[in-house]
Amino acid sequence: MNLRKIIIGGALSFVVGFSDISAQNPILPPTAFIPDGEPHVFEYQGKLRVFVYGSRDERVTAFCGYGHDVWSAPVDDLTQWTNHGEIFNVKQVWDIGYGKVEEQHFGAPDCVYNPVTKKYYLYTFLGKPYQLDGQEGPKAGQPGVVSGYGTFGPKCVMAESDSPAGPFVNPVMCDWPSVNDRGTFDPSVLVWPQEDGSVRVFAYWGMFRGDCWAEIDPNDMHTIINGKTRKPDRNAWYRTLNNPALNGYASLFEASSIKQVDRNKFVFICSANEFIPALTYFYGDSPEGPWHYGGRIIDNMRNWNGGNNHGSIVKVKDRWYVFYHRRTNNDFNRQAMVEPLDLRIEGDRVVIPPVEMTSQGVLTDGLDPFRCYYAGTICWTTPGVYINGPQREPDGMNPVVIEGKESRIGWKYFNFGPKPLSNADRLFLRLNMQSLAPCRMTLSVALPADADTPEKHVILKQVDLSKYIKADSTYHSVTIPIDDLEENQTLKAIGGLSGQKAFFLSFDNQDQRVALLREIEFIKGRRSRSVNPLQPVEVSEADHGSCSVLPTKGRGGESVKITVNPDTGYRLSHLEVLDSHGNQIDCTANAKAPYAPESYHFRMPTNAVNVMATFEPDDGH
């Protein structure tokens with residue numbers, strides 16, 4: 001039987017409208033913790049899509065995870081992200097004899113396409129050191145064994161695929177030297193097309209001032225070569241930021257990324273030792289350098305709780321974007337973010353003005369306030385406030401924890417429309433929250449230019465939370481009227497509640513935890529139903545196997561992953577997804593990666609869905 005035809009064949013019996021898709025930062029559903037994102041535009045199934053290759057923060061109390069997933073979105077709409085599932089697993093490296101230690105994991109990856117070989121190449125590295133002792137790794141000194149730093153085994157591994165969505169197979173350890181015990185950390189690779197149709201390929205790696213680069217063989221995509229002789233030469237590697245004066249006296253901490261931004265202009269991006277929470281860039285006329293200091297692109301210390309940063313830039317159609325990550329409460333639970341850039345060439349310089357962290361992401365006019373949003377779309381916090389990433393709720397509703405002293409959280413930006421809202425609009429703020437202690441809450445807005453200056457925030461309302469919600473450790477829907485809009489002269493002075501505004505909630509707490517917040521939306525006229533609320537994804541029980549979904553609840557347009565787990569001796573025979581009206585939802589198979597369970601993805605409609613699977617005996621055919 002042809003499972004693919006049974007499971008995903010046929011057209012949609014009902015075309016689900018996704019005009020209600022919620023686009024915001026973080027860009028992925030809140031169950032997805034994908035840091036270190038390297039963005040690339042690749043052709044997939046005849047269309048251009050932006051693919052983001054990142055780590056997978058699944059260990060919760062430690063960095064990264066045991067495999068890599070990939071997500072993509074069409075270049076015409078960076079709100080419609082698809083979860084393609086796992087594309088590479090650490091056990092594939094164990095299969096070739098390297099890195100066989102408990103809790104082995106992958107760090108940050110990169111992926112490139114070679115138009116000559118017509119293959120995609122994934123580069124990543126093993127995060128836990130191991131020995132070449134015949135057990136954790138092959139015996140050192142044996143023919144064909146790749147060495148690492150000192151007595152350690154090599155870190156960087158390359159795998160190949162015929163598709164940007166994987167799976168990636170045939171792993172090879174990269175024989176790339178390192179200058180310290182961090183090894184070939186955070187590899188990044190550039191394929192540079194030449195006028196004669198050939199390509200040159202450059203690799204970059206390192207950590208803690210261990211930045212290195214080398215040219216590599218475009219045929220096997222991993223052997224270091226001498227750039228002049230074009231012959232293999234393991235010693236033909238160089239330091240990347242090797243001119244302190246040109247480099248602005250900045251040095252690499254981690255997160256190497258290399259991009260070509262014009263015909264003969266290149267950008268090297270990293271997290272610098274001098275300011276780890278930012279992405280710092282350097283520019284040059286060649287992948288070989290020298291590199292001129294450019295500046296900081298995005299700074300996670302600006303109204304956020306810092307942490308490390310890793311990401312890069314990509315041109316999508318006619319616009320540049322920076323993809324990066326931010327921490328939740330720590331660096332082990334990080335989220336993927338995106339902001340538009342104004343990259344330009346000015347003479348010999350590549351100029352990238354710094355951008356701010358926002359909630360709106362790619363929607364540069366601001367978010368529609370009259371929709372329901374996960375509270376973790378905040379982008380402005382005071383010390384003590386954090387998103388409880390380690391809680392890992394299956395529906396993604398990991399709460400914003402209001403803690404500290406005189407806490408404040410903010411969203412940049414909502415767009416309230418061209419005409420100022422009036423009292424007749426009967427405006428309300430609805431929050432899904434839990435009260436833990438009595439406190440006073442203030443609602444305020446600010447013009448974008450004044451968002452980072454609390455003294456210029458304009459108060460809309462001040463309330464005693466105890467009048468709206470009990471401090472009973474239970475989540476409640478709280479609806480707060482925002483009245484007297486027309487009488488608020490300070491609000492009128494900034495154009496009223498119209499256009500693009502930052503929105504803030506502040507609390508008069510004194511070094512205590514006072515609330516947990518899960519959702520936010522503005523409503524008019526006490527509308528009872530939310531726009532684009534979370535809807536459940538139910539899974540029907542099945543004989544001889546089971547399915548799981550992530551997230552277990554979704555908003556319209558979000559990508560939901562189905563993982564199939566047949567009992568021993570059985571296989572999937574039929575998979576169907578129906579919405580609450582009985583309409584069939586198109587479901588697509590993910591590539592089958594070694595060690596990854598069979599998985600599928602579908603796009604969430606604006607109502608509840610049910611997943612149904614049947615299993616049959618596996619006769620080996």
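Keep in mind that what you see is a predicted model, and the values were worked out from it rather than measured. Along the sequence shown, residues carry numbers from 1.
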Give the C-alpha distance, both sets of side-chain angles, the deciding distance and a yes or no for side-chain contact (heavy atoms from CB on, under 4.5 Å) between Trp81 and Val52. CA-CA 10 Å; Trp81 291 94; Val52 174; 3.8 Å; yes
Backbone of Thr377 reached by a side-chain donor or acceptor of Ser359 within 3.5 Å: yes
Between the side chains of Glu160 and Asn170, is a donor N or O closer than 3.5 angstrom to an acceptor N or O? yes
Any chance CG of Asp196 has more than 12 other-residue heavy atoms, nucleotides or ligands included, within less than 6.0 Å? yes
side-chain contact (heavy atoms from CB on, under 4.5 Å) between Asn83 and Trp71: does it pass, once the steps are laid out? CA-CA 5 Å; Asn83 183 351; Trp71 293 70; 3.5 Å; yes
How are the rings of Phe202 and Trp192 set relative to one another: parallel (under 30°), tilted (30 to 60°) or perpendicular (over 60°)? tilted
Using 4.0 Å as the upper bound for N to carboxylate O, is an ion pair formed by Lys128 and Glu102? no
is_close_aromatic(Phe88, Phe106), centroid dist under 6.0 Å: yes
Could you state the interatomic distance from CG (Asp285) to CG (Asp262), rounded to the nearest 0.5 Å? 10.5 Å
Would you call the rings of Phe268 and Trp291 parallel, tilted or perpendicular, where under 30° means parallel and over 60° means perpendicular? tilted
Residue pair Val362 / Pro340: nearest heavy atoms and the distance that separates them: CA-CG, 4.4 Å
Cation-pi, Phe33 ring and Arg392 (6.0 angstrom, 45 degrees): yes
Please evaluate residues Thr223 and Asp217 with respect to the criterion side chain to side chain donor-acceptor pair (under 3.5 Å), reporting the C-alpha separation (whole Å), side-chain torsions for both, the decisive distance (0.1 Å), and the verdict. CA-CA 5 Å; Thr223 299; Asp217 188 336; 5.3 Å; no
Taking C-beta and beyond as the side chain, do Tyr283 and Ile352 meet within less than 4.5 Å on heavy atoms? no
Ring pair (Phe, Tyr, Trp, His ring centres under 6.0 Å), paired with Phe282, selected from Tyr249, Tyr204, Tyr293: Tyr293
Inter-residue atom distance Lys155.NZ - Met173.CE, 0.5 Å rounding: 10.5 Å
Side chain to side chain, Arg326 and Asn305, heavy atoms closer than 4.5 Å: no
Is it the case that the side chains of Thr151 and Gln131 hold a donor-acceptor pair, with the cut-off being a distance below 3.5 Å and no angle test? yes
Backbone N/O of Thr358 and side chain of Tyr413: donor-acceptor pair under 3.5 Å: no
Would a distance-only check, ignoring hydrogens and angles, find a side-chain to backbone donor-acceptor pair under 3.5 Å from Ser599 to Asn590? no
Stepwise side-chain contact (heavy atoms from CB on, under 4.5 Å) check, Ile297 with Ile269: CA-CA 9 Å; Ile297 301 174; Ile269 298 170; 4.1 Å; yes
Does the side chain of Lys259 reach to within under 4.5 Å of the side chain of Leu190, using non-hydrogen atoms? no
Using a strict 4.0 Å threshold on nitrogen-to-oxygen distance, state whether Arg344 and Asp342 make a salt bridge. yes
Considering residues, nucleotides and ligands other than Lys265, do more than 12 of their heavy atoms fall under 6.0 Å from its NZ? yes
Taken to the nearest 0.5 Å, the spacing of Arg49 CZ from Asp76 CG works out to 10.5 Å
May I ask you to say whether Glu195 pairs ionically with Arg263, meaning some side-chain N is under 4.0 Å from a carboxylate O? yes
Ion pair Asp133/Lys139, N-O distance below 4.0 Å: no
Can you find a pair of side-chain heavy atoms, one from Val50 and one from Phe323, that are under 4.5 Å apart? yes
Determine whether the side chains of Asn25 and Glu339 contain a donor N or O and an acceptor N or O closer than 3.5 Å. yes
Backbone of Pro154 reached by a side-chain donor or acceptor of Tyr149 within 3.5 Å: no
Worked check of side-chain contact (heavy atoms from CB on, under 4.5 Å) between Ile313 and Val261: CA-CA 9 Å; Ile313 61 174; Val261 299; 3.9 Å; yes
Gln104 side chain vs Val101 backbone, donor-acceptor pair below 3.5 Å: no
When rounded to the nearest 0.5 angstrom, what distance separates SG in Cys174 from CG in Asp220? 9.0 Å
With sequence neighbours left out, what residues match Asp181 under salt bridge (charged side-chain N to carboxylate O under 4.0 Å, His left out)? none
Sub-4.5 Å side-chain heavy-atom contact between Ser312 and Pro39: yes
Once you round to the nearest 0.5 Å, how far does CD1 of Ile34 lie from NE2 of His68? 10.0 Å
Mind listing the closest non-hydrogen atom pair of Asn300 and His325 along with its distance? ND2-O, 2.8 Å
Is it true that Arg182 and Glu254 have a side-chain N and a carboxylate O under 4.0 angstrom from each other? no
Where Ala165 and Val70 come nearest, the two heavy atoms and their spacing: CA-CG1, 4.1 Å
Close side-chain approach of Glu393 to Asn388, heavy-atom, < 4.5 Å: no
Going by atom types alone, do Asp95 and Tyr595 pair a side-chain donor with an acceptor below 3.5 Å? yes
Heavy-atom side-chain contact between Val191 and Pro115 under 4.5 Å: yes
Hey, do the aromatic rings of His84 and Phe51 have their centres closer than 6.0 Å? yes
Should the ring pair His40 and Phe42 be called parallel, tilted or perpendicular, given that the plane angle runs from 0 to 90° and is split at 30 and 60? parallel
Between Arg327 and Asn308 (side chain of the first, backbone of the second, donor and acceptor by atom type, cut-off under 3.5 Å), is there such a pair? no
Show the nearest heavy-atom pair for residues Ser257 and Ser188, with the distance to one decimal. CA-OG, 3.3 Å
Looking at Pro167, is its backbone amide N or carbonyl O close enough to the side chain of Ser161 to form a donor-acceptor pair, meaning the two atoms are under 3.5 Å apart? yes
We want to know whether Tyr98 and Glu136 form a side-chain donor-acceptor pair, criterion being a heavy-atom distance below 3.5 angstrom. no
Heavy-atom closest pair, residues Pro138 and Gly97: CD-O, 3.1 Å
Under 3.5 Å: donor-acceptor pair, side chain of Glu274, backbone of Ser251: yes
Please report the interatomic distance CG(Leu550) to CD1(Ile562), rounded to the nearest 0.5 Å. 11.5 Å
May I ask you to decide if Ile276's main-chain N or O and Ser271's side chain share a donor-acceptor pair within less than 3.5 Å? yes
Has Asn273 got a side-chain atom pairing as donor or acceptor with Leu252's backbone, closer than 3.5 angstrom? yes
For Gln135, does the CD atom have more than 12 heavy-atom neighbours from other residues, nucleotides or ligands under 6.0 Å away? no
Ring pair (Phe, Tyr, Trp, His ring centres under 6.0 Å) with Phe185: which of Phe125, Phe63, Trp205, Tyr123? Phe125
Using side-chain heavy atoms (C-beta onward) and a distance below 4.5 Å, is Asn330 in contact with Pro390? yes
Could you tell me whether Asp452 and Arg302 make a salt bridge, using a distance below 4.0 angstrom between a side-chain N and a carboxylate O? yes
